Protein chains: 2
Amino acid sequence: MSQQKEVTIYDIARQLDISAATVSRGLKNHDSVNKATRKKIQDLAKELGYRSNTFASSLRRKSTNTIGVIVPRLSSYFMSNVIAGMENIASAEGYNLIITQSLETVKKEIANADTLFNSRVDGLLVSLSFETENIDHFEPFIKKGIPLIFFDRIKQHSQCMGIVIDNYKAAYDATKHLLDNGYRRIMHIGGSTVSHVYAERLRGYKQALQDYKIAPDPKLVLTKNMSEEAGVESARYILKMKHLPDAVFSANDACAVYCMRTLKKEGIRIPGDIAFVGFNNDPMSKVVEPNLTTINYPGYAMGEAAATQLINHLNGVTNLTATNIIILRSELIVRASSPKKR
Amino acid sequence: MSQQKEVTIYDIARQLDISAATVSRGLKNHDSVNKATRKKIQDLAKELGYRSNTFASSLRRKSTNTIGVIVPRLSSYFMSNVIAGMENIASAEGYNLIITQSLETVKKEIANADTLFNSRVDGLLVSLSFETENIDHFEPFIKKGIPLIFFDRIKQHSQCMGIVIDNYKAAYDATKHLLDNGYRRIMHIGGSTVSHVYAERLRGYKQALQDYKIAPDPKLVLTKNMSEEAGVESARYILKMKHLPDAVFSANDACAVYCMRTLKKEGIRIPGDIAFVGFNNDPMSKVVEPNLTTINYPGYAMGEAAATQLINHLNGVTNLTATNIIILRSELIVRASSPKKR
DNA sequence: ATGAAAGCGCTAACAC
DNA sequence: GTGTTAGCGCTTTCAT
């Protein structure tokens, strides 16, 4: 913690016998500064080990070049790709990312929002926690005019852009794919419909069935927490049914994969007895046998899109409220777990 | 960007007809302020929606409560767990994390170090890029007495703590496991030995062979970039050999898994013809068939350990240079890909 | 127990 | 092109 004396623009100014203002301009390569002076300033700055004091600068400019991020969990394949995409854009544009995780609780989400508010982030990128039902804790940002973009797990808000894939359509496509291939008793394993994401996926599944004139069967709709264990539980549930489903559409890959595994161990053939479609295109979907048909969920692209939109808005290029929802393309990837029914 | 007027301590001071100094003290519950006054200050602050300006404060106090993080890539299972662990500790201790990725290039690593230096982070947590050979770009931190901890991909430095697992021992154990189970022609797929991590794994592999009096065979040591494709390439290499290995120890799971897959497609039985051991305990190691024997690499624990050490040091609890290296426990997880040789 | 005053380092408006 | 000036909002002696 040894705080040695810091070099300031005044030190540079003194040594060069010019004003601090000129140094300030020279450091950011202002045209209005003589090229030679600029060079002298920059050279000396480097020599002295000068580093700009971002607080003084932020204090003056009232902007921090910092973007706050709140996600439910960092440690998933999807989310780490989202973050990677954001970081890529942000750093190219000179923004820092402050990243926090709510661990799926409202309590921590509120605390994070608070911290980021006090950190005076220029903007906020949020994927909501599982528990979150209302979003009043973001009102301070909205009131202050700090732009806020939701992604993936969104809530509608007139002042906030949302970035999502069309979960309804993706689920519809996934289910239709199974129907087109001759499957009729299709089970859906989904998450709590408090979440927009899972509600939409369930809706897509139901609509596809309806379009094929298949009566919905409540026994074929499971609501789980979508973990690996949930996959195992779902398999147990299936094994106890008198009348097995001939296909399963799971709202994520982890759950699908562990469900498949468990069923396979009990002698059920995949896709012979039960076909599978997952969601996310997690790396494990390419490893499980048979390879899992799934929906490609473009995490990296979503992170890039969210960061790009936010930064464009900060630069005054776009208006966030004009385009209220951006929908990213997702597509069905057909693999071996869901061929035509014999 | 609409900057509405912010509430400052002056606003509070004016309304309460006291001085800003008293407000400042009152806000942080200083004993020297009358209890009643304190309450009045805090109540009014809440009412007005006052938020402390961290820049002004940091500018004065010269500390930021911010920790910088540089990692090669955010989007891996291991790294996202590391970050999750760090975030968990940091947020509990009132620190923010600024996270950057070098994308495995020295150039970006230097740029990130620069940014974080200018952001005046209180400390730094770094996992080095693949390319990084010298670490001069971190000297500014060291010169300023800003604590720096390396983790996973480390370089030795007298002033910096390193947090690692014992890669040598883990690789030794993995190889010994294969030897103990009767395998003798063991191939190693590893990464560039510029990296301490891969160099140590190679060394462990070699030592185990030597301890079993097995002559090293250069044809059995592959240096790859450890991607999924590298796994496929390695499989092709193996298929072309006149004398196949009877086991493979891969320095990561992704490479092992894709190698196994490719060999299986060509009719090689795993583990019947070739046994496999991986490294990392990636989720896919539990999904591939047969399940992959691997080394558990505790990412979350490593993130927690790194953050804890740094914050303890910042609080003056520990001295970073006293304990120079911390080694986290990793262990072999035996699964179906490496049973006793028949 | 409270206040006055002096900056922390930087930037932007304005002047020349 | 460059300098002057006046803060940004907060903390911290030093008085009182």
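Owing to the predicted nature of the structure, the values given are computational and were not obtained by experimental measurement. Residue numbering restarts at 1 for every chain, and letters A, B, ... go by the order of the sequence lines.
Base engagement by Y10(A) is indicated by at least one non-hydrogen atom pair under 4.0 Å involving a base atom.
Considering only side-chain N and O atoms, S57(A) lies nowhere under 4.0 angstrom from the phosphate OP1 or OP2 of dC10(C). Of the side-chain N and O atoms in S19(B), none sit less than 4.0 angstrom from OP1 or OP2 of dT2(C).
Cation-pi geometry between R51(B) and F117(A) is satisfied (NZ or CZ under 6.0 Å from the ring centre, within 45° of the ring normal).
In this structure, F55(A) atom CZ and dC10(D) atom P are separated by 15 Å, rounded to whole Å. Distance R61(A) CZ to dT11(C) C1': 9 Å, rounded to the nearest Å. Residue N65(B) contributes atom CG, which lies 16 Å from atom C1' of dC10(D) at whole-angstrom precision. The distance between atom CZ of R60(B) and atom P of dG7(D), rounded to the nearest whole Å, is 19 Å. As a whole-Å value, the separation of I18(B) CD1 from dT2(C) P is 8 Å. Here dC8(D) presents its C1' atom at 13 Å from CG of D11(B), a figure rounded to the nearest Å. Atom P of nucleotide dC8(C) and atom CZ of R51(A) are separated by 17 Å, given to the nearest angstrom. Counting to the nearest Å, the P atom of dC10(C) and the CD1 atom of I12(A) are 8 Å from each other.
Non-hydrogen atoms lying under 4.0 Å from DNA chain C are contributed by S24(A), R25(A), K28(A), all within residues 24-47 of chain A.
Using cut-offs of 30° and 60° for the angle between ring planes, the F55(A) and F55(B) rings count as parallel.
With dG9(C), dC8(D), dC10(D) as the candidates, the nucleotide lying closest to the side chain of K62(A) is dC8(D). Picking from dG9(D), dA4(C), dC10(C) the nucleotide with the shortest atom distance to the side chain of N53(A) gives dC10(C).
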Exercise for the section: With side chain to side chain donor-acceptor pair (under 3.5 Å) as the test, would you mind laying out the steps for N53(A) and T8(A) before giving the verdict? Expected result: CA-CA 8 Å; N53(A) 186 321; T8(A) 72; over 6 Å; no
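Contact check for I154(B) versus D152(B): no side-chain heavy atoms found under the 4.5 Å cut-off. Taking 4.5 Å as the limit, every side-chain heavy atom of M86(A) sits out of range of all side-chain heavy atoms of E304(A).
A residue-by-residue look at A20(B) and I9(A) shows that A20(B) has its nearest nucleotide of DNA chain C further toward the 5' end.
Counted by atom type alone, S102(A) and T105(A) present zero donor-acceptor pairs between their side chains at under 3.5 Å.
D11(A) has a carboxylate O that lies under 4.0 Å from a charged side-chain N of R14(A), or vice versa, which qualifies the two as a salt bridge.
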